[in-house]
J.: 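Sharing a structure, written as C-alpha cells. Questions coming.
Keep in mind it's a predicted model, so treat the numbers as computed, not measured. Computed from heavy atoms alone, side chains included, the values below leave out hydrogens, waters and symmetry copies.
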Amino acid sequence: MSAESSNEKCLSDYTYLFKPDLLKGKVAFVTGGATGICFTIAEILMRHKCDTVIASRKWDRLQESAKELERGTGRKCLPVKMDVRKPEEIQAAVDKALETFGRIDILINGAAGNFLSPAAGLSFNAFRTVMEIDAHGTFNVMKVVYEKYMKNHGGVIVNITATLQIRGQMLQLHAGAAKAAIETMTKHLAVEWGKDKIRVMCVAPGPVADTEGYRRLGGRSVDSEYEKAIPIQRVGTREDIGNTVIYVVSDAAQLLTGTTIIADGGHWLTSDNNYHRVQRLFQSGQAKL
Ligand SMILES: CC/C=C\C/C=C\C/C=C\C/C=C\C/C=C\C/C=C\C=C\C(=O)SCCNC(=O)CCNC(=O)[C@H](O)C(C)(C)COP(=O)(O)OP(=O)(O)OC[C@H]1O[C@@H](n2cnc3c(N)ncnc32)[C@H](O)[C@@H]1OP(=O)(O)O
Ligand SMILES: NC(=O)C1=CN([C@@H]2O[C@H](COP(=O)(O)OP(=O)(O)OC[C@H]3O[C@@H](n4cnc5c(N)ncnc54)[C@H](OP(=O)(O)O)[C@@H]3O)[C@@H](O)[C@H]2O)C=CC1
C-alpha cells in the first residue's frame, strides 16, 4: 500500500512478518476500525486469524469496511455502531461482541477526533469535544471491556496515541492534551490490571499520510523536503503501524506494559516541531479548520 493511497478501505499488500496463525482463536475489538490506520490494524490482526469487531459512529461505512475485511482475510468481522462518548452504547456494543464471539482478547483504542486550531481560538466546547472523544472515550471503552470480560480472562489493550504529547506543537494543544491523558491512564492501568493478566500499551504513530484523518488536517501532500527531514526519509504507512501493533499484542511482547512504542521513523526527533510547516499550511488556508 503506498503512502499516497487514497482509499480508506483499501486492503494492503501484506507481507507476513509473523506466523500466519499467530492469533488463531482470538478476538479483537477495534474502535475506529472502519477507516484509516485502525482499518489496517484490523486487517493485519485478521490476516493472523483473529476475528474482529470494528466500532464507530457511521453505520454505512462500518458495514462496507466489515465486508471488505472479511472478503480480504477470510475471517469474521462484526461491525458495531457506537459513540465512544456514550457508555450505554459501548455497553451494548461490547455485549453484542461477546454474544457473537464469546471473548475479547485484544482491545485497540483508535477512535479519535482532531483538527488544527490555535489554542486561544478553541471554544470551550471544542477543547471538551476532543478530550471527550480521545481521553474519556478511551477510558470508557477500557472500563467496559475490563468489567465485562478482561477482568476475569486477561488480555492486551493497545491505545493509539501520537507524538503530539511528547513536546509542544503548533495548533494541537487539544489533541496533545488528550493523548497525554491516554498515556498516563495506560501507565496507571498497567499497574492496577497487571495482576489480572492484562497488558496495557500505547503505540504512537508519527505522520501517516494515507488516511483521511491526516488529509483533513491539511497534510494532503507529502513532499521530499518534508520526508528528508525524517531520519528514515519517509512518512509512515498504515501497514507500518499495523505491524507494530501485531508485535505488541503477540506473546513475543510479554514484558511490554505501561509504556509507549513510538512508531514514527524518528520524525519527532528531527522535524523542527513542525512549526514552520504547520504555520505555513494554516496561514495559506491549506490546513482546513
Ligand atoms: C495529522 C497531520 C497534522 C498536520 C498536517 C500538517 C502538516 C503535517 C505536518 C506535521 C504532522 C506532524 C505530526 C502529525 C502527527 C500526528 C497528528 C496527530 C494526530 C492525528 C490525529 C488524527 O488524525 S485523529 C483522527 C482525525 N479524524 C477525525 O477527526 C474524524 C472525527 N472527527 C469529528 O468527528 C469532528 O471533526 C470533531 C472532532 C469536531 C467531532 O465532531 P462532533 O462531535 O460532531 O463535534 P462538533 O459539534 O462538530 O464540534 C464540537 C466543537 O468543536 C468545534 N470545532 C469543530 N471543528 C473545529 C475546527 N476545525 N476548528 C476549531 N473548532 C472546531 C465546534 O465549533 C464545536 O464547538 P462550538 O463551541 O462551536 O460548539
Ligand atoms: N494519521 C496520522 O498521521 C496520525 C494518526 N494518529 C492516531 O491514529 C488513530 C487513527 O487515525 P486516522 O486513521 O488518521 O484517522 P481516521 O479519521 O481515519 O480515524 C478516526 C476514526 O475514529 C472514529 N471516531 C471518531 N470519533 C468517534 C466517536 N466519538 N466514537 C466512535 N468512533 C469515533 C471515526 O469513525 P466515525 O466518524 O464513523 O465515528 C474514524 O473511524 C487516531 O487515534 C489518531 O489520533 C496518530 C498520529 C498520526
Side-chain angles (χ1 to χ4, degrees), residues 9 23-39 41-46 48-71 73-113 129 131-160 181-182 185-186 188-190 192-201 245 248-249:
K9 296 186 283 290
L23 302 176
K24 192 170 182 188
K26 299 206 168 172
V27 173
F29 191 103
V30 184
T31 75
T35 64
I37 291 172
C38 293
F39 175 87
I41 292 173
E43 177 200 333
I44 291 178
L45 296 176
M46 290 171 74
H48 291 83
K49 300 205 170 26
C50 191
D51 290 327
T52 301
V53 182
I54 56 173
S56 52
R57 295 167 300 175
K58 296 189 184 105
W59 180 238
D60 289 350
R61 200 164 65 179
L62 272 166
Q63 285 180 302
E64 283 168 26
S65 296
K67 275 191 205 138
E68 182 69 3
L69 286 165
E70 288 193 338
R71 189 192 60 73
T73 68
R75 303 304 302 181
K76 289 192 187 131
C77 181
L78 174 73
V80 289
K81 180 172 159 27
M82 65 175 218
D83 186 326
V84 294
R85 292 169 285 189
K86 299 186 175 157
E88 64 289 355
E89 291 187 9
I90 301 168
Q91 280 164 337
V94 171
D95 285 343
K96 182 86 193 291
L98 290 172
E99 274 164 34
T100 306
F101 294 122
R103 57 194 299 149
I104 299 173
D105 306 280
I106 296 164
L107 168 62
I108 311 292
N109 282 305
T129 298
M131 290 299 283
E132 279 181 357
I133 298 173
D134 295 21
H136 293 236
T138 297
F139 172 75
N140 295 341
V141 181
M142 289 193 293
K143 177 174 162 65
V144 173
V145 170
Y146 176 77
E147 284 171 347
K148 287 186 181 281
Y149 190 79
M150 285 190 181
K151 182 181 180 179
N152 294 320
H153 301 88
V156 187
I157 299 174
V158 181
N159 296 321
I160 308 299
I182 295 171
M185 288 190 283
T186 297
H188 286 265
L189 291 179
E192 280 197 28
W193 292 353
K195 66 174 181 350
D196 301 318
K197 300 195 172 11
I198 300 170
R199 292 192 293 115
V200 192
M201 286 291 296
V245 168
V248 170
V249 303

J.: Quick one: does E89's side chain have a donor or acceptor within less than 3.5 Å of a partner on D83's backbone?
T.: yes
J.: Spell out, as yes or no, whether a donor-acceptor pair under 3.5 Å connects the side chain of N140 to the backbone of V84.
T.: yes
J.: Testing I90, N109, I198 one by one against M142 for a side chain to side chain contact (heavy atoms under 4.5 Å, CB included), which residue passes?
T.: N109
J.: If you look at every heavy atom in A97 and L78, which pair is closest and at what distance?
T.: CA-CD2, 3.9 Å
J.: If I compare all heavy atoms of V30 with all of A42, which pair ends up nearest, and what's the gap?
T.: CG2-CB, 4.4 Å
J.: Are any side-chain N or O atoms of D105 and backbone N or O atoms of V156, one a donor and one an acceptor, separated by less than 3.5 Å?
T.: no
J.: On a heavy-atom basis, which atom in A34 and which in F39 lie closest, and how many Å separate them?
T.: O-CD1, 3.9 Å
J.: Using the salt bridge (Lys or Arg N to Asp or Glu O under 4.0 Å) rule, collect all pairs that involve residues 136-147, keeping only residues at least two apart or in two chains.
T.: K143-E147
J.: Return yes if some donor-acceptor pair links the side-chain N/O of T52 with the main-chain N/O of M46 below 3.5 Å, else return no.
T.: no
J.: Please give me the minimum heavy-atom distance between D134 and G113, naming the atom from each residue.
T.: OD1-N, 3.0 Å
J.: Decide yes or no on side chain to side chain contact (heavy atoms under 4.5 Å, CB included) for V94 and Y149, but give the supporting numbers first.
T.: CA-CA 9 Å; V94 171; Y149 190 79; 6.0 Å; no
J.: Return the CG to SG distance between L23 and C50, rounded to the nearest 0.5 Å.
T.: 5.0 Å
J.: Between T186 and N159, is there a side-chain donor-acceptor contact under 3.5 Å, judged purely by atom types and distance?
T.: yes
J.: Give the C-alpha distance, both sets of side-chain angles, the deciding distance and a yes or no for side chain to side chain contact (heavy atoms under 4.5 Å, CB included) between T35 and S65.
T.: CA-CA 8 Å; T35 64; S65 296; 5.6 Å; no
J.: Measure the CD-CG distance between E64 and L62 for me, rounded to the nearest 0.5 Å.
T.: 9.5 Å
J.: Can you confirm whether more than 12 heavy atoms, excluding those of K148, are under 6.0 Å from its NZ atom?
T.: yes
J.: With rounding to the nearest 0.5 Å, note down the distance linking CD1 in I182 to CD1 in I160.
T.: 9.5 Å
J.: Which distance, rounded to the nearest 0.5 Å, do you find between the CD1 of I104 and the OH of Y146?
T.: 14.5 Å
J.: If you look only at pairs with a residue in residues 48-60, which of them pass as a salt bridge (Lys or Arg N to Asp or Glu O under 4.0 Å), with sequence neighbours excluded?
T.: D51-R75
J.: If you round to the nearest 0.5 Å, how far is CG of L107 from OG1 of T138?
T.: 8.5 Å
J.: Please determine whether a side-chain nitrogen of the Lys or Arg among R71 and E68 lies less than 4.0 Å from a carboxylate oxygen of the Asp or Glu.
T.: yes
J.: Determine, stepwise, if the pair I157 / M150 fulfils side chain to side chain contact (heavy atoms under 4.5 Å, CB included).
T.: CA-CA 10 Å; I157 299 174; M150 285 190 181; 3.9 Å; yes
J.: Nearest heavy-atom pair of T31 and G110: which atoms, and what distance?
T.: OG1-N, 3.0 Å
J.: I need the K86 NZ to E132 CD distance, nearest 0.5 Å.
T.: 10.5 Å
J.: Could you pull out the closest heavy-atom pair between G32 and C38, with the gap in Å?
T.: O-CB, 3.3 Å
